[in-house]
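Position 1 is the first residue of the sequence; numbering continues from there.
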Amino acid sequence: MAPLLVLGLALCLSGTWAVDKGNFKTCEQSAFCKRQRALKPGESPYRALLETMELTNTRLTLQLINDNNKVRLLLELYRLQGNITRVKINELKPLKPRYEVPDVLIREPTTEPLSVLSQDENGVVLSLGVESQRVIISARPFRLDIMEGSDVLMSLNSRGLLAFEHLRMQKVEDGMWEETFKSHTDSKPNGPSAVSLDFSLPGVEHVYGIPEHADTLRLKTTDNGDPYRLYNLDVFQYELYNPMALYGSVPVMVAHSAQRTTGIFWLNAAETWVDISSNTTVFGKMLDYVQGSSETPQTDVRWISESGIIDIFIMLGPTPKDVFSQYASLTGTQSFPPLASLGYHQCRWNYNDQEDVKSVDAGFDEHDIPYDFIWLDIEHTDGKRYFTWDPHKFATPKEMLQGLMDKKRKMVAIVDPHIKVDGNYKIHNEIRSRGFYVKNKDGGDYEGWCWPGSASYPDFTRADMRAWWASMFAYDQYEGTMENLYTWNDMNEPSVFNGPEVTMHKDATHGAWEHRDIHNLYGLYVQMATAEGLIQRSGGVERPFVLTRAFFAGSQRLGAVWTGDNAAEWGHLKISIPMCLSMGLVGISFCGADIGGFFKSPSTELLVRWYQAGAYQPFYRAHAHVDTPRREPWLFGPENTALIREAVRQRYTLLPYWYQLFYRAHVTGEPVMRPLWVEYPQDLATFALEDEYLIGRDLLVHPVVEEGARGVTAYLPGKDEVWFDVHTFQKHNGAQNLYIPVTMSSIPVFQRGGSIIPRKLRVRRSSTCMEHDPYTLYVALNLQRTADGELYIDDGHTFNYEKKEFIYRKLTFANKVLSSVNLAPDAKFTTDSWIERIIVLGASKPSKVTLKTADGQEKQLEFDFDASMSVLTVRKPGMNAGADWTMTFQ
């Protein structure tokens, strides 16, 4: 009976092809959000007790009192290395400990000393050490301002919306000790525990981040609707352009103006709502620091969380890249993915059996389309028991994997965190006997419905549970696996089909803590344990690849993320751009959307356009729902096959560039796919652009995302810049809106003048087959006739780069000389790849081209010059890609 029940549930959830908004709470239906939002700006009841202030080398502490109820809070203020200020607020003496988020910060942040500049009965002024940066704490009402010179950078509690619901003995109050939503009751044993704080950002009109939402890149004001919600949920075919919660939550907001970029990281894993409003405010005189008053635009932000404490990191920039490195110093950088995972991935729910896998694999070869990974969804298992294979359909998985390995290809299989309750299932029995399941409020193992029927959920917040889970990926535990099998964690919000809002009850318990405290962390912990398992099975040698649906701050350290169950609609293709841009701004670079849309069936035009757009997004995977017709790339007629082949091949030629950008993201925290304003921070025209973007610094992409489009208008930034169409080599000036006529084969992409981009033009069946192939360098000259770029090479799959086993070279063109210089003289690696071609855009015709190699040898090179396009092509110069050389154009 059970499987039929689940099938029925699944059909209820997916058969309508549209989100049932009634399954998910609005702020009005969420008691703590409703309560907090009812507070209006005004005089704050909180006052700073300056006589309690203590200052040590590492921090300042100060008590706050709520004059209405006399409850005292403890404020901690830290100045952190790298221009970051941390503010923590907790109860001075809580009835019991309140949850503080572990495992997200990569280390305890390094502090720097604070010093008092002045103090009186009204407040205290502290130096932040950087130039003229100060923190001003005003006593009555409590308020905290961060200033630089006479400019207020950010104010906390300036609108008096600090709220801290203290833990207390039970009284009967509506929605505070028990709350019902639809048929579910939340027992709330700890009563009300919400926290809230407002931030004012003078001079700011553009704020970004706080993914995941299917909304614009620039966040909207929320005055006339719900706040943005951060609460990881399994939302089937989500609606576009609204603030509803989706699968992941990163509580980081980035504020940008032409003068400065700053960030707010609200470290809280409970359900969170974020209100945004904008106004023009007159700032009056504050202490003696702000002279006069001035009108300035302002954005006000308010964060509201259901439980935990207030723990915020204020990243003071001042540039976009400073904010990225500040956030990376707290939560880490994007994991460095195996090179093959940057290739193309073929997936659907589900490839039926080994024969199906074999025939799809052969189809790619037959139609000459490269790919690296083929994927298996839930039907590959024995009755939705993860870590198993269907004994009939996938009877000899190693044979299947070996067949892929022989072609230098790989596979991903799904492993979800809901475990079938079945006494004959080893994984279930082990977890139950070790007491590793999440518990319900009465202390028994929590059970809910998911794909296998009745399922329990491992408590991934436990380090011992994560270690055990990781050990299950060992080759002798997860039978039938080989080193070319990787993992996909889906449904890890966690999804509970019969739970409140399709997720776990908030009063379920993880040891001492309620699920309400840790909810948004669950998916990160699942991915953490899985990635660790893949690393351990290789003896710590191989980089893992794990795709997750749910995520939190810090998930960038663990692998890739996709935008979940989208639909085959033009609007969903279009929204994939701001959704991935938003993730990149908060550290998660390895982002993509299901090519073609998960639900419904795309028209051939939409499918082709999606392949073209996806080829220029970081994670490139086609995926489809079990009820949709098959859509392998060759099923839509030879013309469309050719268009898709060309898009995928463009992806493969650019893999060297993608790979070096991911290396940089791993080292610096800079996003791979980035909004234009990151590189042009003072160009107001770029601040709200979301239909085009940059890959790294040097490629500008404007995908075609409108049905029947005959042309697109791309904004080319930079008044002293030039941009080259990568397909035609046509040169265009910056600081203009350029109309580009398009046909079905068009993917508008431009290379920045002043850049050098490496490509591999010999596209083979997979990225691994191209490992030793030669490079072509595309040198695009700027108006000063210079250019520079980088070339990064390693083995593509191990952690040996951490032992300095890589090639990292600086490529420079200046004064008619192109050179390759070693950026990492202490690194050791050799490559068989060589430079087979150099193409110079915006060139003038030389009389001769001479190559000088490291051993002092010189030779003249053959070249062609196209005078009509000013393109110079140097053929077969022949030097090794890891060598020093100079090439002179006389």
Side-chain angles (χ1 to χ4, degrees), residues 3 6 347 349-351 353-354 357 373-402 404 410-438 445 447 450-460 462 464-492 494-495 522-523 525-538 542 544-550 558-559:
V6 172
C347 184
W349 175 21
N350 207 91
Y351 287 118
D353 49 31
Q354 285 177 219
V357 169
F373 284 81
I374 189 164
W375 291 52
L376 297 178
D377 209 319
I378 54 178
E379 312 301 333
H380 83 277
T381 59
D382 181 6
K384 318 292 189 296
R385 295 170 185 85
Y386 303 107
F387 300 101
T388 70
W389 302 87
D390 184 298
H392 309 295
K393 296 174 177 174
F394 293 92
T396 52
K398 277 193 171 171
E399 190 182 299
M400 169 179 67
L401 289 165
Q402 187 61 51
L404 292 169
K410 299 167 174 56
M411 175 173 266
V412 172
I414 201 165
V415 177
D416 287 349
H418 48 258
I419 302 300
K420 184 177 176 69
V421 176
D422 171 4
N424 297 315
Y425 177 26
K426 179 187 86 170
I427 297 282
H428 165 68
N429 290 336
E430 281 267 328
I431 297 175
R432 189 176 55 183
S433 68
R434 291 166 185 261
F436 281 166
Y437 278 128
V438 176
D445 288 349
E447 279 189 32
C450 210
W451 297 124
S454 192
S456 284
Y457 293 76
D459 186 355
F460 285 91
R462 296 178 57 161
D464 52 357
M465 162 62 213
R466 295 196 300 275
W468 176 84
W469 180 268
S471 74
M472 288 301 100
F473 288 89
Y475 298 122
D476 60 351
Q477 292 287 343
Y478 189 170
E479 287 174 22
T481 63
M482 290 171 51
E483 58 268 34
N484 64 332
L485 182 73
Y486 296 81
T487 310
W488 170 19
N489 294 147
D490 195 5
M491 315 295 284
N492 54 338
S495 178
Y522 190 84
Y525 277 133
V526 175
Q527 191 185 18
M528 183 185 289
T530 303
E532 188 55 41
L534 296 192
I535 294 169
Q536 281 178 16
R537 73 176 186 183
S538 74
E542 297 289 329
F545 171 75
V546 182
L547 178 72
T548 182
R549 190 169 72 178
L558 304 171

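- Contact detail for Ala413 and Tyr478: the closest heavy-atom pair is CB-OH, 4.0 Å.
- Taking 4.5 Å as the limit, some side-chain heavy atom of Lys398 sits within range of a side-chain heavy atom of Met482.
- Contact annotation: the side chain of Tyr425 never approaches that of Pro452 to less than 4.5 Å [non-hydrogen atoms, C-beta and beyond].
- Minimum heavy-atom separation, Cys450 to Met491: SG-CE, 3.8 Å.
- Between Trp451 and Trp349, the gap from one ring centroid to the other is short of 6.0 Å.
- Between the Thr388 side chain and the Asp382 main chain, a donor and an acceptor come within less than 3.5 Å of each other.
- Under the 3.5 Å distance criterion, the side-chain polar atoms of Asp416 are matched with a main-chain donor or acceptor of Asp490.
- Between Lys393 and His380 the shortest side-chain heavy-atom distance does not fall below 4.5 Å.
- Between Ala395 and Gln354, the shortest heavy-atom contact is N-OE1, 3.0 Å.
- Between Ile378 and Tyr386, the closest side-chain pair of non-hydrogen atoms falls below 4.5 Å.
- Atoms CD and CG, from Gln527 and Asn492 in turn, are 7.5 Å apart once rounded to the nearest 0.5 Å.
- When all heavy atoms of Asp476 and Glu479 are compared, the pair lying nearest together is O-CG, 4.5 Å.
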Going through the distances and angles, do Thr481 and Phe387 end up as a side-chain contact (heavy atoms from CB on, under 4.5 Å)? CA-CA 9 Å; Thr481 63; Phe387 300 101; over 6 Å; no

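- Proximity of Val415 to Thr530: side-chain heavy atoms (C-beta onward) are nowhere separated by under 4.5 Å.
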List the steps and the verdict of salt bridge (Lys or Arg N to Asp or Glu O under 4.0 Å) for Glu430 and Arg434. CA-CA 6 Å; Glu430 281 267 328; Arg434 291 166 185 261; 3.0 Å; yes

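- Inter-residue side-chain proximity for Arg462 and Trp469 is flagged as unmet; no heavy-atom pair is nearer than 4.5 Å.
- Taking 4.0 Å as the cut-off between side-chain N and carboxylate O, Asp445 and Arg432 do not count as a salt-bridged pair.
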Walk me through it: do Ile427 and Trp468 pass the test side-chain contact (heavy atoms from CB on, under 4.5 Å)? CA-CA 10 Å; Ile427 297 282; Trp468 176 84; 4.0 Å; yes

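- With hydrogens and angles ignored, the 3.5 Å screen pairs no side-chain donor or acceptor of Gln536 with any backbone N or O of Ala474.
- Residue Leu558 holds its CG atom at 12.0 Å from CG of Leu547, rounded to the nearest 0.5 Å.
- Partners of Asp459 by salt bridge (Lys or Arg N to Asp or Glu O under 4.0 Å), not counting sequence neighbours: none found.
- For the side-chain hydrogen bond (donor to acceptor under 3.5 Å, both in side chains) test, no residue two or more places apart in sequence or in another chain qualifies with Asp377.
- Scanning all heavy atoms of the two residues, the minimum distance from Leu404 to Lys410 falls at CD1-O, 4.1 Å.
- No donor-acceptor contact under 3.5 angstrom links the side chains of Ser471 and Gln477, judged on distance only.
- Between the Asn489 side chain and the Thr548 main chain, no donor and acceptor come within less than 3.5 Å of each other.
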Decide yes or no on side-chain contact (heavy atoms from CB on, under 4.5 Å) for Met400 and Trp389, but give the supporting numbers first. CA-CA 12 Å; Met400 169 179 67; Trp389 302 87; 3.8 Å; yes

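- Of the possible polar contacts, none joining the Tyr351 side chain to the Glu379 backbone as a donor-acceptor pair under 3.5 Å is found.
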Would Arg385 and Lys420 count as a side-chain contact (heavy atoms from CB on, under 4.5 Å) if you check the C-alpha gap in whole Å, the side-chain angles of each, and the deciding distance to 0.1 Å? CA-CA 6 Å; Arg385 295 170 185 85; Lys420 184 177 176 69; 3.4 Å; yes

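- Residues meeting the side-chain contact (heavy atoms from CB on, under 4.5 Å) test with Leu534, sequence neighbours left out: Phe473, Tyr486, Thr487, Arg537, Pro544, Val546.
- Contact annotation: the side chain of Met528 approaches that of Arg466 to within less than 4.5 Å [non-hydrogen atoms, C-beta and beyond].
- Taking 4.5 Å as the limit, every side-chain heavy atom of Tyr457 sits out of range of all side-chain heavy atoms of Ser495.
- Rounding to the nearest 0.5 Å gives a distance of 9.0 Å between CG of Leu401 and CD of Glu483.
- Nearest heavy-atom pair, His428 versus Gly423, reported as atom, atom and distance to 0.1 Å: CD2-N, 4.3 Å.
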